Amino acid sequence: NTSLELQPLMDILVDPNERQGYAWIRMRISRMWSRWTDAAKSLMSKYSFRNRPKKKILVHLGLLSKQSGWKFAEMQFKGGPLGELVQWSDLISTLYILGHDLTVTSEVEQLLEILNHVPAARTPCQSRKELPVQIIYTDIMGLIQFKKRLKAGYAKFSCLFRVLDSFGTEPAFNHRMFAKQNKILTSWGGQDLNLQQFYTMFPHSPDNSFMGFVVDRILNDTEKSSEPKRDIALVYGKNDYMWEGKRSYLDAIHARFEVHGTVYKDANKKLVNVPNYVVNHGILSGLDLHELLQKTKVFVGLGFPYEGPAPLEAIANGAVFLNPQFSPPHSSKNTKFFKGKPTQREITSQHPYAEVFIGKPYVYTIHVNNMTEVDQALDAIVQQTNFSSYVPYEYTEEGMLQRMNAYIENQNFCLHQEYRGRKWPPAESVTNIIGEAGKSCRDACWDIRKICEPGHFAELNTEQAFANLTSCSSHTKSSNIYYPAVEVSKMACTRQLEPKLFSCVGSMHALRRLCPCRDFIPGQTALCVGCD
Ligand code: UDP
């Protein structure tokens, strides 16, 4: 019960209008199709994929809609952001291959047509059974469109949503009342969903579900490139403004390498920040870009865009990624880009995943304004003779199919925990700990190489659970992202009053947090051992 034929999927991806919104997505899916089918066959040889009910799934790409005003459709071949389209392409491939019944929409009128088939609400449970779909993947823009059109009917749909949210949403911003009281409510936050309904691009906030994408490459994982490496540095920056103020860094690279770029150039505008010595190819097709990466020794980060797919593609093609370090870290406190985003996450480099999960010899994280550091890194790369490639399993087609299948089969946001029967991930995969003072559960769990598992906070939120881990001089309850926790000076224990505020990222200096930490499959951080 998987679907491996490409044409029926292309028939689903017919553009609703002349804007050709799906053009880039169709190209990516077609180019990668043989890898997808190989991955599905490989996965099927390891697991029984039978007895999975076929689900009706709606995928609504709010970012492509005319109403969004974002011009993603218009800009897809003109230097516009592509990371989101990468994610949507791979999600659509995944759902289709897993054999589900897929509808894809990107305009509000199409949405209305589907929603018009919704029967009138009776009890929430009864009416949900009759809904035209069982899962809805969308983005924040799409969610806002749904809310507007469904009005009172939204409530019975809300548990069906999975919201693609690259940078993640933290509990304090998701809980509308709490965000309002703390003056952090923005147009992206306040959605009041289950935190695991937000699907991120990197496994950075365990409060959310990690969806990811697939790292595109032209070689098979075991193949060696037939294309020899040349002394080429390819700069990661599609738009002229990204190159501003980086001249000395670029000159140091130019002293050792032939510098290439893929910068979008408007016919009547000059590139003012790109040095003349740069061989500019303009925006390349996926295949041409990968051929260039095959010959490239170093892929040069400029500090922006944050957390894109391209550095992982470069590493997959055997190029070293120069990753600009940020001190102080960038966050909504000091960086315009993050203002209004529903997260307080602080990022320590352009690509924290590459920095933390990959590292040397594939990634050099350096201060690009410190020329001694830059020279040292470049000299090390110049001397390197072997450029091997690397793709983390969770970013392969097989890894994504495995992870998404586990989510589809096990996540259920429509039933209360106690009615779900078997809890997922199961209790056996979780170890309860008490963290060091001032540490979040994300960090406390990671210290013992485990992942904070927010679905299991409830079991820790009892007097008995406190007694198992510490001794309390008093017990209280409070609604804030720091609890359950123990205050170290008085040993005062505080439980969580509002389950929607259970948080992996909350931390305060005098508090030791009680944390549920789960194990994971090596290379597949989203899944516990035995949870595939
Ligand atoms: N890309 C491309 N042609 C180019 C430059 C980039 O097809 O000339 C692709 C790249 O392979 C990657 C995607 O664009 O899959 C997104 O790249 P990036 O990391 O720059 O993220 P963005 O800022 O676009 O979200």
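Along the sequence shown, residues carry numbers from 1. This one's a predicted model, so the numbers in the text were calculated from it and none came from an experiment.
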For this session: State whether the side chain of H100 and the backbone N or O of K55 hold a donor-acceptor pair below 3.5 Å, judged by distance alone.
Result: yes
Problem set entry | Contact check, side chains of F161 and Y154, non-hydrogen atoms, under 4.5 Å | yes
Exercise. Taking R52 for the side chain and L98 for the main chain, is one N or O donor matched with an acceptor at less than 3.5 Å?
Worked result: yes
Exercise. With sequence neighbours excluded, what pairs up with F457 under the ring pair (Phe, Tyr, Trp, His ring centres under 6.0 Å) test?
Worked result: F502
Problem set entry | Donor-acceptor under 3.5 Å (T138 side chain, H60 main chain) | yes
Problem set entry | Pairs meeting criterion salt bridge (Lys or Arg N to Asp or Glu O under 4.0 Å) with involvement of residues 178-204, two or more places apart | none
Exercise. Quick check: does any side chain N or O of Q524 sit under 3.5 Å from a backbone N or O of A526, one acting as donor and the other as acceptor?
Worked result: no
Exercise. Which heavy atom in V263 sits nearest to a heavy atom in N280, and how many Å separate them?
Worked result: N-OD1, 2.8 Å
For this session: Output, in order, the C-alpha distance, side-chain angles, deciding distance and verdict of side chain to side chain contact (heavy atoms under 4.5 Å, CB included) for Y236 and M242.
Result: CA-CA 9 Å; Y236 177 29; M242 297 170 181; over 6 Å; no
Exercise. Is a side-chain N or O of K339 found less than 3.5 angstrom from the main chain of S332, in a donor-acceptor match?
Worked result: yes
Problem set entry | Student check: side-chain heavy atoms of L160 and F146 closer than 4.5 Å | no
For this session: Apply ring pair (Phe, Tyr, Trp, His ring centres under 6.0 Å) to F338 and list each qualifying residue two or more places apart in sequence or on a separate chain.
Result: F167, Y306
Problem set entry | Greater than 12 external heavy atoms within 6.0 Å of K46's NZ | yes
Problem set entry | Geometric class of the F321/F299 ring pair [parallel <30°, tilted 30-60°, perpendicular >60°] | tilted
For this session: May I ask you to test the L63-M141 pair for a side-chain heavy-atom distance under 4.5 Å?
Result: no
Exercise. Are any side-chain N or O atoms of D532 and backbone N or O atoms of N405, one a donor and one an acceptor, separated by less than 3.5 Å?
Worked result: no
Problem set entry | Check: D15 main-chain N/O paired with Q20 side-chain donor or acceptor under 3.5 Å | no
Problem set entry | Shortest non-hydrogen contact between L195 and E170, atoms and distance | CD1-C, 3.9 Å
Exercise. So, E394 versus T525: side-chain donor-acceptor pair below 3.5 Å or not?
Worked result: yes
Seminar exercise, completed: In terms of heavy-atom contacts, D207 and P171 come closest through OD2-CD, 3.6 Å
For this session: Using distance alone, with no hydrogens and no angle criterion, decide if H281 and T262 have a side-chain donor and acceptor under 3.5 Å apart.
Result: no
Problem set entry | Flag, side chain of R442 to backbone of P206, donor-acceptor distance under 3.5 Å | no
Exercise. For residues E313 and N317, is any side-chain donor paired with an opposing acceptor at under 3.5 Å?
Worked result: no
For this session: For P132 and I114, work out which heavy atoms get closest and say how close.
Result: CG-O, 4.0 Å
Exercise. H204 and G168: which non-hydrogen atoms are nearest, and at how many Å?
Worked result: CE1-N, 4.0 Å
Problem set entry | Residue E244 excluded, over 12 heavy atoms near CD under 6.0 Å | no
Problem set entry | Donor + acceptor pair across side chains of Y47, Q402 (<3.5 Å) | yes
Exercise. Between R149 and E113, does at least one N-O distance fall below 4.0 Å, as a salt bridge requires?
Worked result: no
For this session: Might you work through the side chain to side chain contact (heavy atoms under 4.5 Å, CB included) test for W33 and I97, ending with a clear yes or no?
Result: CA-CA 10 Å; W33 195 249; I97 286 185; 3.6 Å; yes
For this session: Please assess Y395 against Y353 for the test ring pair (Phe, Tyr, Trp, His ring centres under 6.0 Å), listing each intermediate value before the final yes or no.
Result: CA-CA 12 Å; Y395 283 99; Y353 182 87; 5.1 Å; yes
For this session: Using side-chain hydrogen bond (donor to acceptor under 3.5 Å, both in side chains) as the criterion, list what pairs up with S65, not counting sequence neighbours.
Result: Q145
Exercise. Should F357 and P392 count as side-chain neighbours, where that means a heavy-atom distance under 4.5 Å?
Worked result: no
Exercise. So which heavy atom on L143 is nearest to which on L193, and how close?
Worked result: CD2-CD1, 4.1 Å
Exercise. Would you say N51 has more than 12 foreign heavy atoms packed within less than 6.0 Å of its CG?
Worked result: no
For this session: Using a 4.5 Å cut-off on heavy atoms from C-beta on, say whether the side chain of L82 contacts that of Q76.
Result: yes
Problem set entry | Pairs flagged by salt bridge (Lys or Arg N to Asp or Glu O under 4.0 Å) wherever residues 73-82 is involved - sequence neighbours left out | R19-E74
For this session: Using modelled atom types only, decide if a donor and an acceptor are shared between the side chain of E397 and the backbone of D38 within a distance under 3.5 Å.
Result: no
Exercise. When the ring planes of Y137 and Y199 are compared, do they come out parallel, tilted or perpendicular, using 30° and 60° as the limits?
Worked result: perpendicular
Problem set entry | Step-by-step disulfide (SG to SG under 2.5 Å) determination, C504 to C452 | CA-CA 6 Å; C504 288; C452 173; 2.1 Å; yes
For this session: Look at atom CE of M10 and say whether more than 12 heavy atoms of other residues, nucleotides or ligands are closer to it than 6.0 Å.
Result: yes
Problem set entry | Within-4.5 Å side-chain heavy-atom neighbours: W24 and S89 | yes
For this session: Compute whether any side-chain donor of one residue and acceptor of the other, for N323 and Q350, lie under 3.5 angstrom apart.
Result: no
Exercise. Between F304 and Y241, how do the two ring planes meet: parallel, tilted or perpendicular, split at 30° and 60°?
Worked result: tilted
For this session: Measure the shortest side-chain to side-chain distance between L234 and L289 over non-hydrogen atoms and say whether it is less than 4.5 angstrom.
Result: yes
For this session: Give a yes-or-no answer on whether the side chains of T169 and Q191 include a donor-acceptor pair shorter than 3.5 Å.
Result: no
Exercise. If we only count heavy atoms from C-beta on, is the E307 to M201 side-chain gap below 4.5 Å?
Worked result: no
Exercise. When you take the SG atom of each Cys, C414 and C159, is the space between them under 2.5 Å?
Worked result: yes
Exercise. With sequence neighbours excluded, what pairs up with Y393 under the ring pair (Phe, Tyr, Trp, His ring centres under 6.0 Å) test?
Worked result: none
For this session: For the pair K423 (side chain) and G455 (backbone), establish whether a donor and an acceptor sit closer than 3.5 Å, ignoring hydrogens and angles.
Result: yes
Exercise. Is the F210 to F202 ring centre distance short of 6.0 Å?
Worked result: no
Exercise. When you look at K333 and E346, which way does the salt bridge (charged side-chain N to carboxylate O under 4.0 Å, His left out) test go after all the steps?
Worked result: CA-CA 9 Å; K333 276 190 240 149; E346 303 198 318; 3.2 Å; yes
Seminar exercise, completed: Given the options D90, D216, D288, R31 meets salt bridge (Lys or Arg N to Asp or Glu O under 4.0 Å) only with D216
